[in-house]
Structures are given as structure tokens and as C-alpha cells.
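The structure appears right after this line, and notes come after that.
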Amino acid sequence: MSEVLICGGAGYIGSHMAQWLAEHGHSVTVLDNLSTGHRGAIRWGDLIEADLLDPAALESAFHGRSFDAVMHFCAKSLVGESVAEPYAYYANNVTGTLNLLEAMRRHEVNKLVFSSTAAVFGNPVSDVIDEEHPKAPINPYGASKLMAERFLADAAHAYGLRSVALRYFNAAGALPEHGIGEAHACETHLIPNVLRAALGQGPSLKIFGNDYDTADGTCLRDYVHVQDLAQAHALALGFMDRHEGAHTFNLGNGQGFSVHDVIATAASVSGVAIPYEVAPRRAGDPARLVASSDKARELLGWTPRWTELAPIIESAWRWHRDQPRWSPHHIHADASIQAA
Ligand code: UFG
């Protein structure tokens, strides 16, 4: 069993990772600056409150502790925000990652699982995106993650770092039975916005463009359950025991669902007709983003359990439905509300 440091373990995907590792007998420590994560989401390990942009804080986080591996979820991850505030994205996602890698090197921690993203590919040039697809990010968020992937390749060569970068497509779902789910103070993602509209909370739902070259005119996305993402990270730990070098894998279910599909499925799961209006396209949205995860299935032995859209949305629905009326104030003030 491993001692794992989860950087960003108070966030949405990081908290599900902590739950998975604890359930499978690993020991977890969370490092988080709590800028978007939630103290109440840290249920499966101790918290080190530290910022990756503070090398002294990182030094003391590693000092006197012994980790077998690090999982790195700390990131700014909103595409639109990254276009408006590129320096913040490069500082956090690039410099922060570099600081973490340097602390790992100094303390001889030699294995890293890194959160990457479909945004490294930019506008797709094929219907299904495998790992060999050209990488041409079209926004600072994707560019910052691609730079960090490059660090990992260079670190493998120079320092013998073993790493796995996992490029998520659209992370979705929740584990309400464990009290964790998706709760961002500024929510931009489709499924939480649809569910909040179903609950009569939040702003009215907008469909960003219905004139794309798809069957119903709305964008297609590949939704993958956050617990399946956690499973892939855990498999990556074993993979790094057997393989040197820097490796990348795409994670998705391989099926594209439109914005209308998501709204219709959420309506059926919740039993609520969900009102929406059609708005102009959102800048930077590709029409279709669908993963090939054959490599992860073959080499990691990844077998997603949540392969249908309805159960993924249903898990998120149960999480959102059972929260007190949603507001950023609640999330930060009430430790009984978990996840970022
Ligand atoms: N959408 C709406 N209304 C909303 C929110 C989203 O119509 O209120 C649409 C978007 O325009 C898009 C689809 O729903 O067509 C999915 O949007 P999300 O914001 O939920 O997710 P993205 O596809 O934009 O994000 C994903 C990953 C990012 C990655 C990005 C690359 O989550 O990490 O793809 O384009 F950077």
C-alpha cells in the first residue's frame, strides 16, 4: 500500500481520488491552498495548507514525510478565465507544477500522476481523439497543461522521474453516498448548470450555440465519471512501478453526447422539465470532443464502470438535490458541503 500526496485533494476530482485511495487501503495526505477547494471535502487524510507558488511551504510539506507518489490536481481550469487572465494560469499551472517537481526531486519522490486535459489538443482534426492526435491548444489553459506535460518528459530524461499524465475529457458525476460532488463557486460546466436549473437555482440555463455541425446543432462531449477517473489514477500508480518514463493517456467513454442529450437525460433522471434558452456560441468550444481510451484500457487495464450517461447524471443529481440552496457563500461557510 502506498503513501500518496494528493495536491488539490480538496477539489472535485482530488476529493474523489482521496476517497478511492482510502477505500483501497492507501494512506492519503492532502496539500491544498483552499482557493477553490473545500475544507469539508478533506475526509480521508490530513491537510497541509500550502500553495504551489510558495516554495518554502512546499519544502516544509515534504520535509520529514515520506511519499511513494504524488498526484497533482492543483490547477486553474476554466478555459474562458484563462483567456482573460493568462498570467494567472501560467503562474499557477506552469510555475506551480515546476515548484512541485523541484520539491519532489529534492526529496527523492519519483512518481507523479498528473491531471491533464483534452484542451491540449485544441480543435480536433479527427472524430475520435487518441494520444497521437496533434497537440495545438487554443487557449492558455490547454497551453499551460501541455507545457507541464513537456516538463514531465524532460524530467524523465534528466532525473528519472516516472509519470503518467491523464487527459480527462468531461469529468462528471459525484459520490453523494460519500458526501462529495462538484461545487464550484463560479460554475461554468454544463451538467451542474443543468441540474441547478432543474432545482430552480442559479441563473437560467443557456445553450451556447445550436448551429454546430452536429445532429441537433449542439456540441458533443464525452462525459466520464469522476470515480472512473480516480480508478485510472490508482492504476497509474501500479503502471509506474513497472514502467520508467513519462506516459500519457486519454480518458473518456468514447461516446459523444450533445447539450440537448444532457438536458433530456437530466429531465428524465430528475423528473423535472428543464427550461433553457439558446444563446450565442461560447468562444473556444469545439463542436465535438470524443476520446479514444483504447491505450488506457490496454496498458493501464482501465475499465470504466460508469459507461451510460443517465447514471452519471443521476449521481450528480442526487448530490446537487441534497445540498442546501446553492450559493458560493454556503460552499465556503458550511463545512458540511463538500468538494470543489
Ligand atoms: N454549455 C452550455 N451551457 C452551459 C455550460 C456549457 O451550453 O451553461 C455547453 C458548452 O458550450 C459545451 C458543453 O456544454 O458545448 C460542455 O461545456 P462544459 O463547460 O461543461 O465543458 P467543456 O467541454 O467546455 O470543457 C471540457 C473540459 C475542459 C477542457 C475543455 C476543452 O472540462 O477541461 O473541454 O475544450 F479544457
Side-chain angles (χ1 to χ4, degrees), residues 8 11-13 36 73-83 86 89 93 114-125 129 133 135-146 148-149 165-173 182 184 186-199 201-226 229 250-253 255-266 274-291 309 312-313 316 320 326 340:
Y12 171 42
I13 304 174
T36 55
F73 298 90
C74 297
K76 286 183 161 293
S77 61
L78 301 179
V79 169
E81 187 183 67
S82 81
V83 175
Y89 272 68
N93 299 358
F114 175 66
S115 290
S116 193
T117 170
V120 300
F121 297 110
N123 285 319
V125 295
I129 300 174
H133 184 285
K135 284 87 194 167
I138 54 171
N139 51 62
Y141 169 58
S144 71
K145 289 287 186 174
L146 188 59
E149 286 191 13
L166 298 173
R167 298 178 183 135
Y168 319 146
F169 281 60
N170 286 63
E182 186 171 12
H184 296 113
C186 168
E187 190 52 76
T188 64
H189 290 116
L190 178 64
I191 291 177
N193 281 348
V194 168
L195 297 178
R196 284 165 53 193
L199 289 163
Q201 301 171 358
S204 67
L205 180 66
K206 293 188 171 56
I207 293 181
F208 296 131
N210 66 352
D211 56 352
Y212 286 93
D213 185 17
T214 60
D216 67 22
T218 65
C219 292
L220 302 181
R221 292 292 181 269
D222 184 338
Y223 295 93
V224 54
H225 197 279
V226 64
L229 295 180
N250 293 353
L251 298 180
N253 272 311
Q255 217 185 328
F257 291 99
S258 73
V259 176
H260 278 305
D261 290 335
V262 168
I263 295 171
T265 306
I274 299 169
Y276 62 82
E277 57 191 271
V278 176
R281 290 183 179 197
R282 193 171 68 174
D285 276 341
R288 175 187 168 95
L289 276 178
V290 178
L309 184 62
I312 294 176
I313 292 181
H320 281 271
W326 197 97

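All ligand and atom numbering here is 1-based and tracks the order in the structure. Residue numbers count from 1 along this sequence.
Across the listed options Tyr141, Phe208, Phe121, Phe169, Phe208 owns the non-hydrogen atom lying nearest to atom 7 (O) of ligand 1. For the residues Arg167, His189, Arg282, the heavy atom positioned nearest atom 17 (O) of ligand 1 is part of Arg282.
Using a 4.0 Å cut-off between heavy atoms, Asn193 contacts ligand 1 through its side chain alone, with no backbone atom that close. Of all the heavy atoms of Tyr168, none lies under 4.0 Å from any atom of ligand 1, so neither backbone nor side chain is involved. Counting heavy atoms under 4.0 Å from ligand 1, residue Arg221 touches it through the side chain alone. Residue contacts with ligand 1, taken as heavy atom pairs separated by less than 4.0 Å, do not involve Val262 at all. Contacts of Lys206 with ligand 1, taken as heavy-atom pairs under 4.0 Å, involve the backbone alone.
Among all non-hydrogen protein atoms, the one lying nearest atom 9 (C) of ligand 1 is Val259 CG2, 3.9 Å.
Of all atoms in ligand 1, listed by their number and element, those nearer than 4.0 Å to a heavy atom of Asn170 are 21 (O), 22 (P), 23 (O), 25 (O), 26 (C). With ligand atoms numbered from 1 in the order given, ligand 1 contributes 5 (C), 6 (C), 19 (O) to contacts under 4.0 Å with heavy atoms of Thr188.
For Asp213 and Arg288, the salt-bridge test fails: no basic side-chain N is under 4.0 Å from an acidic carboxylate O.
Counting heavy atoms from C-beta on, the side chains of Leu78 and Tyr89 come closer than 4.5 Å.
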